[in-house]
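Some notes on the structure that comes next.
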Amino acid sequence: MKSSLTDHQIIELRPDDDIAAIRDRLQWAKARRVLLIVPKRSKALRLLVNLKLVKRAAEDNLLEIALVSRNRETVRVAREVGLPTFGSA
């Protein structure tokens, strides 16, 4: 159960991370709350279906996630699926 672990964790994604890699990183998270730092060049989280998969992976692992991104499309789509977003950490 993740509740006995640290309160929060920051995961910095790489521009070439695909959805499988991001979901895997969420599965190995060591905290209940996770902040995903999304590089501006990352394309994986600009698609609605991909963000739905990431949100589901977080829910399956009992995680609360939020995204930090300066990419307008990523922020728009994340908000559409109900994920909190921030412009900086």
Side-chain angles (χ1 to χ4, degrees):
M1 180 178 233
K2 294 190 186 291
S3 63
S4 64
L5 303 173
T6 61
D7 183 48
H8 65 279
Q9 179 177 357
I10 296 172
I11 298 175
E12 291 188 41
L13 301 178
R14 294 181 298 267
D16 60 340
D17 278 344
D18 61 11
I19 290 306
I22 296 167
R23 291 174 67 191
D24 188 52
R25 293 177 82 178
L26 287 174
Q27 186 175 9
W28 289 98
K30 295 181 167 117
R32 189 174 76 79
R33 292 180 173 177
V34 176
L35 189 61
L36 295 176
I37 309 294
V38 183
K40 189 162 187 158
R41 293 176 288 145
S42 175
K43 294 182 181 174
L45 297 180
R46 292 184 192 172
L47 298 173
L48 181 66
V49 67
N50 288 350
L51 276 164
K52 285 182 177 182
L53 290 171
V54 168
K55 183 178 180 182
R56 184 177 307 151
E59 291 168 349
D60 290 348
N61 288 286
L62 305 176
L63 301 174
E64 293 179 37
I65 65 169
L67 303 180
V68 174
S69 177
R70 291 195 171 134
N71 180 282
R72 290 183 209 176
E73 187 64 14
T74 299
V75 170
R76 183 190 68 74
V77 177
R79 289 181 179 163
E80 190 172 327
V81 298
L83 291 175
T85 61
F86 302 94
S88 64

Charged N to carboxylate O below 4.0 Å: is that the case for Glu73 and Arg76? yes
In this structure, CD1 of Ile37 is separated from CZ of Arg70 (nearest 0.5 Å) by 10.0 Å
One should read off an interatomic distance between His8 NE2 and Leu35 CG, to the nearest 0.5 angstrom, of 9.0 Å
Check your understanding: Considering residues, nucleotides and ligands other than Glu12, do more than 12 of their heavy atoms fall under 6.0 Å from its CD?
Key -> no
So CD of Gln9 and CD1 of Ile65: to nearest 0.5 Å the spacing works out to 12.5 Å
Closest non-hydrogen atoms of Ala58 and Leu26, given as atom of the first, atom of the second and distance, are N-CD1, 4.2 Å
So CG of Leu13 and CZ of Arg41: to nearest 0.5 Å the spacing works out to 12.5 Å
To the nearest 0.5 Å, atom CD1 of Ile22 lies from atom CG of Asp17 at 5.5 Å
Out of curiosity, does Val75 fall in the hydrophobic cluster containing Ile19 (side-chain heavy atoms, cut-off under 4.5 Å, transitive links)?
no
Indicate if Val68 and Ile10 have the same hydrophobic cluster label, given that clusters are the connected sets of ILVMFWY residues with side-chain heavy-atom separations under 4.5 angstrom.
yes
Legend entry - Min side-chain heavy-atom separation Leu36-Arg25 under 4.5 Å: no
When every non-hydrogen atom of Pro15 is compared with those of Pro39, the smallest separation belongs to N-CG, 3.6 Å
When every non-hydrogen atom of Asn71 is compared with those of Lys40, the smallest separation belongs to ND2-O, 3.9 Å
Does some side-chain heavy atom of Leu51 sit less than 4.5 Å from a side-chain heavy atom of Leu67?
yes
ILVMFWY cluster, Leu47 and Val38 together (side-chain gap under 4.5 Å): no
Only residue of Val49, Val81, Leu45 satisfying side chain to side chain contact (heavy atoms under 4.5 Å, CB included) with Val54 is Leu45
The reported gap from CZ in Arg23 to CG in Asp60 (rounded to nearest 0.5 angstrom) is 7.5 Å
Side chain to side chain contact (heavy atoms under 4.5 Å, CB included) with Ser69: of Thr85, Thr74, Val77, only one passes, and it is Thr74
